[in-house]
Amino acid sequence: MTSPSHVAIIMDGNGRWAKARGLPRLAGHRAGVEALRRTVRAAGDLGIEWLTVYAFSSENWSRPEPEVSGLMGLLKLFIRRDLADLHAQGVRIRVIGDREGVPSDIRHLLEEAEALTANNRLLKLVIAFNYGGRDEIIRAVKKVAQASAQGLMTADTLTHERFAAFMDTAEIPDPDLVIRTSGEMRLSNFLLWQAAYSEFAFLPCYWPDFSERDLREAIEIYGRRERRFGGLVAQDAAAS
Ligand code: FPP
C-alpha cells in the first residue's frame with residue numbers, strides 16, 4: 001500500500017466536542033491541542049514526512065474576542081511547553097500564513113521554533129497560522145508583480161513551479177492526503193493551490209477524539225485511491 005508522505009489536517013469539531021460535554025468552547029480547543037500532540041507522535045511513528053495542520057485561519061479573527069485570545073494563548077503555550085520536546089523528537093517546525101497580521105510576541109515564538117528546529121529531519125510539522133488559501137495566493141501574486149516591475153521576470157516566464165516558489169509553501173511538497181474531522185466536507189480556504197490533486201478523507205470524529213487509529217484509517221483510505229493527476233493509470237494508458 002502506498003503511504004502518503006504529506007498529510008494535511010483540518011482539525012475541526014473542537015467547539016461541538018465541548019458543547020456535547022457542556023464545556024466552554026476553549027475546553028474543546030485545549031483538548032484539540034492534546035490531539036495535536038498525539039498526532040505529531042503518531043505521524044512520526046508512521047513514517048509520515050510532512051504534517052500540515054490548520055491551527056488558525058485568516059477568517060478565525062471574526063470569532064468572539066475571548067475565543068480568539070484563548071486560541072492565541074493556546075498556541076503560545078503549545079510552543080513554550082512543547083518546543084523542547086518536539087525538538088528532541090526530531091520535529092522541524094515551519095509556519096505558513098500571513099506573519100504581518102500576527103501579534104509580535106507570537107511571531108517571535110513561531111520564528112524561534114523554526115530557527116531551533118531548522119536542522120531536524122524526522123517529521124516536518126507545518127503550522128498554518130493566520131493562514132488563508134486565497135490570501136496566500138494574493139500575496140504571491142503581489143510578489144510576482146513586484147519581481148516583474150523590477151525586471152526580474154516577465155509574464156512569459158511564469159510557470160506553475162515558479163509561481164509556487166512565491167507561495168508560503170515554497171519547497172514544501174503538495175499534500176498527498178487532506179483529512180478533515182467532524183464530518184464537514186469542505187476545504188474552508190485551506191491549501192487551495194496545493195490541494196489541486198490531493199486525496200481527501202472526511203472522518204466523522206471531532207478533532208479532540210482523533211487518535212492514531214483514525215490516522216491509520218485515513219492512510220488506509222488513501223491507499224485504496226487511484227491517483228491519476230488528470231491522466232490515466234498505466235494499465236488504461238497501455239490499452240488505449
Ligand atoms: C475548528 O474547530 C478548530 C479551530 C478553529 C482551531 C484549531 C485549533 C486547535 C486544534 C488547537 C490549537 C492549535 C494550536 C497549535 C494552538 P471549531 O472551533 O470550528 O469547532 P466547531 O466547528 O465544532 O465549532
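Everything quoted here is computed from the prediction, not taken from an experiment.
Following chains of ILVMFWY side-chain contacts shorter than 4.5 Å, one cannot reach Leu187 starting from Phe56, and the two form parts of different hydrophobic clusters. Under a hydrophobic clustering in which Ile, Leu, Val, Met, Phe, Trp and Tyr are joined whenever their side-chain heavy atoms come within less than 4.5 Å, directly or via other members, Ile79 and Leu71 fall into the same cluster. Under the 4.5 Å side-chain heavy-atom criterion for grouping Ile, Leu, Val, Met, Phe, Trp and Tyr, Val68 is connected to Trp207 within one hydrophobic cluster. In the hydrophobic cluster analysis, where Ile, Leu, Val, Met, Phe, Trp and Tyr join through side-chain heavy atoms closer than 4.5 angstrom, Trp50 is grouped apart from Val91. Criterion: ILVMFWY side-chain heavy atoms under 4.5 Å apart, direct or through other members. Under it, Leu125 and Leu74 are part of a common hydrophobic cluster.
Side chain of Asn14 to main chain of Gly32: no donor-acceptor pair is present (N/O by atom type, distance under 3.5 Å, no hydrogens or angles). Formation of a donor-acceptor pair under 3.5 Å by the Arg37 side chain with backbone atoms of Val33 is not found in this model. Here the side chain of Asn60 pairs a donor or acceptor atom with the backbone of Ser57 at under 3.5 angstrom. Counting only distance, with no hydrogens or angles, the side chain of Ser69 and the backbone of Glu65 share a donor-acceptor pair below 3.5 Å. The closest donor-acceptor contact from the side chain of Arg16 to the backbone of Tyr206 lies at 3.5 Å or more, if one exists at all. Without hydrogens or angle criteria, Asn130 side chain to Asp98 main chain gives a donor-acceptor distance under 3.5 Å. The main-chain N or O of Val144 is never found under 3.5 Å from a side-chain atom of Ser148 such that the two would form a donor-acceptor pair. Judged by distance alone, with hydrogens and angles left aside, the side-chain atoms of His108 form a donor-acceptor pair with the main-chain N or O of Ser104 at under 3.5 Å.
Summarising the geometry, atom OG1 belonging to Thr117 is positioned 11.5 Å from atom NZ belonging to Lys124; distances are rounded to the nearest 0.5 Å. Between the CD atom of Glu34 and the CG atom of Asp209 there is a distance of 12.5 Å, given to the nearest 0.5 Å. Note that CD of Glu59 and CZ of Arg134 are 9.0 Å apart. Values are rounded to the nearest 0.5 Å. The line from CD of Glu217 to CD1 of Ile179 is 9.5 Å long, rounded to the nearest 0.5 Å. Distance check: Arg99 CZ to Tyr131 OH gives 13.5 Å after rounding to the nearest 0.5 Å. Distance CD1/Ile9 to CG/Leu203: 9.0 Å, rounded to 0.5 Å.
For the pair Ile172 and Val126, the minimum side-chain heavy-atom distance is below 4.5 Å. The shortest side-chain heavy-atom distance between Leu109 and Glu112 falls under the 4.5 Å cut-off. Using a 4.5 Å cut-off on side-chain heavy atoms (C-beta onward), Leu86 and Asn120 make no contact. Within the 4.5 Å cutoff, no side-chain heavy atoms of Arg92 are placed close to those of Leu123. With contacts defined as side-chain heavy-atom distances shorter than 4.5 Å, the pair Leu116/Ile93 does not qualify. Side-chain atoms of Arg94 and Ile127, non-hydrogen and from C-beta on, never get closer than 4.5 Å to each other. Counting heavy atoms from C-beta outward, Thr2 and Asp176 have side chains that stay 4.5 Å or more apart. Between Val178 and Glu199, every side-chain heavy-atom pair lies at or beyond the 4.5 Å cut-off.
Applying the side-chain hydrogen bond (donor to acceptor under 3.5 Å, both in side chains) test to Glu67 and every residue at least two apart in sequence or in another chain returns Arg25, His29, Arg63.
Closest of all the heavy-atom pairs between Tyr54 and Gly132 is OH-CA, 4.4 Å. The minimum heavy-atom distance linking Ile48 with Val7 is given by the pair CD1-CG2, 3.8 Å. Ser3 approaches Tyr222 most closely through the heavy-atom pair C-CE2, 3.9 Å. Taking every heavy atom of both residues into account, Ala140 and Met167 meet most closely at CB-SD, 3.6 Å. The shortest heavy-atom contact between Trp193 and Ile137 is CB-CD1, 4.3 Å. Here the closest heavy-atom approach between residue Asp12 and residue Ser182 is recorded as OD2-OG, 3.0 Å.
For the 3.5 Å distance criterion, the side chains of Ser211 and Asp214 qualify, holding a donor opposite an acceptor. Between the side chains of Arg180 and Ser188, at least one donor N or O lies within less than 3.5 Å of an accepting N or O. With no hydrogens or angles considered, no side-chain donor-acceptor pair links His6 and Asp174 at under 3.5 Å. Looking at Ser198 and Gln194, their side chains never bring a donor and an acceptor atom within 3.5 Å of each other.
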>> If you apply the rule salt bridge (Lys or Arg N to Asp or Glu O under 4.0 Å), what do you find for Glu49 with Arg121, and how did you get there?
In response: CA-CA 9 Å; Glu49 277 183 73; Arg121 291 283 169 267; over 6 Å; no
> Between Glu136 and Leu192, is a side chain to side chain contact (heavy atoms under 4.5 Å, CB included) present by the stated rule, with each step listed?
Replying inline: CA-CA 9 Å; Glu136 181 191 26; Leu192 294 183; over 6 Å; no
>> Under the criterion salt bridge (Lys or Arg N to Asp or Glu O under 4.0 Å), I'd like the reasoning laid out for Asp45 against Arg41: C-alpha separation, chi angles, the key distance, then a yes or no.
In response: CA-CA 6 Å; Asp45 292 347; Arg41 280 201 178 274; over 6 Å; no
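Tested against Phe129, the residues Leu110, Ile96, Val53 include a single side-chain contact (heavy atoms from CB on, under 4.5 Å) partner, Leu110.
Annotation for Arg225: atom CZ counts as buried by contact number, over 12 foreign heavy atoms lying within 6.0 Å. More than 12 heavy atoms of other residues, nucleotides or ligands shown are found within 6.0 angstrom of CZ on Arg38. Within a 6.0 Å sphere centred on NZ of Lys143, other residues, nucleotides and ligands contribute more than 12 heavy atoms.
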